[in-house]
Amino acid sequence: MDFRDTPDEAAFRAEVRAWLAEHLIGEFAALGGRGGPADEHGFDLRVEWEKLLGTDRWLGLSWPEEYGGRDASFAEQIIFSEEYAKADAPARVSFFGEGLFAPTLLAYGTDEQKRRFLPKIQSVEELWCQGYSEPNAGSDLANVATKAVLDGDQWVVNGQKVWTTLAHRAQWCFCVTRTDPASHGHHGLSYLLIPMDQPGVEVRPLKQMTGTAEFNEVFFSDARTDKANVLGEVSDGWKVAMATLGFERGTAFLSQQLGFQRELQDLIEVAQKRGATAHPVIRQELADSYIGVQIMKYSGMRMLTGLVKKGVLGPESSIGKLYWSNWHRTLGERAMHVLGADASIIADPIADPIADPIAEVTDGAESNYVLGELHRIFMFSRSETIYAGSSEIQRNIIGERVLGLPREPR
Amino acid sequence: MNFAFSEEQDQLREAVGKFMESKSPSAEVRRLMETTVGFDPAIWKQMAQELGLQSLHLPEAHGGQGFTFVELGIVLEEMGKVLLCSPYFATVCLAANAIMNAGTDAQQGELLPGIASGDTIAALAFTEPNGKWDASGITMEAKGKGDAWTLEGTKMFVLDGHTANTIVVVAREAGSSGDDGIGFFVVDGEAKGLNRTALATMDQTRKQARLDFSGVAAKPLGDVGKGWAALSKTLDQAAVCIANEMVGGAQKVLDMAVEYAKVRVQFGRPIGSFQAIKHKCADMLLEVESGKSAAYYAAWAAAEDNEELPVVASLAKAYCSDAYFHAAAENIQIHGGIGFTWEHDAHLYFKRAKSSEILLGDATYHRELLAQRIGI
């Protein structure tokens, strides 16, 4: 047990730090680290920033060198994330490609597929979105109805996906489709890679309770993709889809802890400037959130050490998803406590923590519902206990796969 | 970065775990908890002589083995699993640490070898009837100078104070207040003027005493008047220790609940197949694992004696207190009627969880302390 850097790790940390100091300047530095993969704040500029990361192989740093990566260890990935967050560098636009699709591709893709897709992820020429949920396939993901049939050298896809983050920005979609029409449940599904820029794909923004539209509906009407664009075996895509979910629930969110730490620090500063920290209940709540975010870090390090030793993430990674989504939701609720009566006005207390809230409503404005940072956390976090497997699904997984409790009779 | 126990540490856990399971089964816990003394002296000797548990983290120069709080935490976790009835926490986690933090090297050389060998049972008497866990709670005044002091007043909630041969007492110089004027003193358990009363504890598996001092002669430990830093550190270390003990108990009640949920059939199916029960168990696992993360990390910070210790000590004490109590309470609920009986062990863990939560300050107290320590 030792949490200090080894000499090699310290050297790597210094390299990351120096690179960020040299490149994270000017308009890139001004972007700040707020938002997340779904946030569109400064999107085009963030794409430009990420191209810099890709050029110097910080994007894809965990990939094998033969595919353009740095073959970085888990410890190095964590160090990079830590330094990235400390530097307040911009939220990543290629989360779905680099964080979810690339590890799945490396695990299940052919050499040809890896050589086709990884370089474009690294150069940020191709962004990805995740085609999983459907109107009738939410928690019951295996109930996917989107169909794909072979027509010569191409798959023809028909159906509807929903809650597809960044679909309107993405060039490609990794998509769970039913390729065996006689199948049901998790049999007969394939993991198809579908280009988004074609007449058969229609993306409609889905306006959420936040007033924004980070998520979309995607309609496939005779959409086409090449026969070769299947990851894993045809009609055996469930395990591939689950592998991606494992990345989504596990490693991909480890770096998130640092963003959460920053959000809490911001909230504490707002509370202090507003005098809210004189209130014993607020003090308890902030201390409890601090405890929660630190434990998230410690548990992440335990999980990673286990991953290094055993090579795979176990079902215990479900604990992480359940934990962080609940922590974040509670942070949002506590932020509203800190604001008191001002919580009823959606002005941004981060930008100006002590000013009277000003959020003037103008008839005919493009939007009269633009959330400040704390309100954004308060509301957006409601989606986090639902997506990537709701908290209830996570509890089922923990109960059945970790604790070995009997399944629900079906 | 490496957050895992070493092979040697895993072996220690296995050896201690086996010993605890064989020496402290439920029947033995129940026998000892009904006694006033509250422990088995033969087991105490075995722990010292065969396993070297009392000497584990004491310095080698004073009869110890020079291991760290990480190894100590492993031992405590295994003890917590079986509700070991023992003055181990009082002796090793409170008194010995106080002696190491406050005493001169010569004083340590006088006091620690007896603890290491198992000959000494020691207690730390710092809390008083006011029930406070910080410096403001210490009102007992010490009078004297040089090596000759006398103590007058009452100490409460003293773990194993009625059986200890050596009692480390925290008092203050007349007229001082707050963090100033704190001093440590050593008193013999049989000292003249010391009246010891064994208390009827809610948790019968960990004994407490009230100690009334009237003109008791005491030897100072370290510099009288400058003891706050040593006491504060001792309390932080003890918080780390109890957090590790608590995660052992929390894991045990989770195991009990899950085991029962698999075999208890109602409505024609095991109750663990119902989401109402399954989800409770999942939440318990989340809290137990989170508690372990906090307790283990805190043990490492204590082992390193680094600047993080005060913050992580309060963090671990606050989280593990809530997690253990919640798990122990859910364990009773999942067991239903049988879990409410005296015969079932669920109540023993429930009571240990509560007494551990209270000891050294509850979760609310430590969250406030944490808030201060991180500058809120």
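Remember, predicted model here, so these are calculated numbers, not experimental data. Below, chains carry the letters A, B, ... as their sequence lines are ordered, and counting in each starts from 1.
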Structural part of A/Gln284 lying under 4.5 Å from a heavy atom of chain B: both
task: Check the pair A/Leu322, B/Asp283 against side chain to side chain contact (heavy atoms under 4.5 Å, CB included), reporting the backbone distance first and the verdict last.
output: CA-CA 9 Å; A/Leu322 180 60; B/Asp283 285 335; 4.0 Å; yes
query: Taking the six-membered ring for Trp, are A/Tyr298 and B/Tyr296 ring centroids under 6.0 Å apart?
result: no
- prompt: Is there side-chain contact between A/Ile282 and B/Ile376, with at least one heavy-atom pair below 4.5 Å?
  reply: no
task: Heavy-atom distances under 4.5 Å only: say whether B/Glu287 touches chain A with side chain, backbone, both or neither.
output: neither
task: Apply side chain to side chain contact (heavy atoms under 4.5 Å, CB included) to B/Asn2 and A/Met1, showing your working.
output: CA-CA 5 Å; B/Asn2 169 20; A/Met1 204 176 282; 5.7 Å; no
- prompt: Are side-chain heavy atoms of B/Arg367 and A/Arg283 found at a separation under 4.5 Å?
  reply: no
- request: Could you tell me whether B/Asn130 atom CG has more than 12 heavy atoms of other residues or ligands within 6.0 Å of it?
  value: yes
message: Less than 4.5 Å to any heavy atom of chain A: does that hold for the side chain of B/Lys280, its backbone, both, or neither?
response: neither
query: Can you tell me if A/Arg302 uses its side chain to pair, donor with acceptor, with the backbone of B/Lys292 under 3.5 Å?
result: no
- prompt: At their closest point, which heavy atom of A/Tyr290 faces which heavy atom of B/Leu370, and how far apart are they?
  reply: CD2-CD2, 3.8 Å
- prompt: Taking every heavy-atom pair that is under 4.5 Å apart, which of A/Thr6, A/Asp288, A/Leu286, A/Asn396 has the most such pairs with chain B?
  reply: A/Asn396
- prompt: Of the backbone (N, CA, C, O) and the side chain (C-beta and beyond), which part of A/Gln272 lies under 4.5 Å from a heavy atom of chain B, both, or neither?
  reply: side chain
statement: In this structure, OH of A/Tyr323 is separated from CD of B/Glu289 (nearest 0.5 Å) by 12.0 Å
message: Counting only heavy atoms not in A/Glu269 (residues, nucleotides, ligands), do more than 12 fall under 6.0 Å from its CD?
response: yes
field: Heavy atoms from other residues, nucleotides or ligands near CZ of B/Arg269 exceed 12 (cutoff 6.0 Å)
entry: yes
- line: Greatest number of non-hydrogen atom pairs under 4.5 angstrom with chain B, of A/Gly292, A/Gly399, A/Ala75, A/Pro409, falls to A/Pro409
message: Minimum heavy-atom separation for B/Leu286 and A/Ile319, please, with both atom names.
response: CD1-O, 3.7 Å
- request: Rounded to the nearest 0.5 Å, what's the gap from NZ on B/Lys317 to CD1 on A/Ile291? Could you check?
  value: 11.5 Å
- prompt: Are B/Tyr297 and A/Met301 close enough that some pair of their side-chain heavy atoms sits under 4.5 Å apart?
  reply: yes
query: What residue in B/Ser290, B/Ser293, B/Cys281, B/Ala282 has the most heavy-atom pairs under 4.5 Å with chain A?
result: B/Ser293
- prompt: A/Asp2 and B/Trp300: side chain to side chain contact (heavy atoms under 4.5 Å, CB included), yes or no, with the steps?
  reply: CA-CA 8 Å; A/Asp2 194 344; B/Trp300 179 77; 3.7 Å; yes
field: Greatest number of heavy atom pairs closer than 4.5 Å to chain B - which of A/Pro406, A/Ala287, A/Ala271
entry: A/Pro406
message: Please classify the contact of A/Glu285 with chain B as side chain, backbone, both or neither, using a heavy-atom distance under 4.5 Å.
response: neither
task: Go through the atoms of A/Ile268 and report whether side chain, backbone, both or neither lie under 4.5 Å from a heavy atom of chain B.
output: side chain
- request: Just give me the residue among B/Ala294, B/Ala371, B/Ala4 that pairs up with chain A most often, heavy atom to heavy atom, under 4.5 Å.
  value: B/Ala4
- prompt: Are there more than 12 heavy atoms of other residues, nucleotides or ligands under 6.0 Å from atom NZ of B/Lys252?
  reply: no
message: Below 4.5 Å, heavy-atom pairs only: which of B/Leu369, B/Ile374, B/Val70 has the largest tally toward chain A?
response: B/Ile374
query: Looking at side-chain heavy atoms only, is the closest gap between B/Gln275 and A/Glu408 below 4.5 Å?
result: yes
- prompt: When you look at CD of A/Glu15, are more than 12 heavy atoms from neighbouring residues, nucleotides or ligands closer to it than 6.0 Å?
  reply: yes
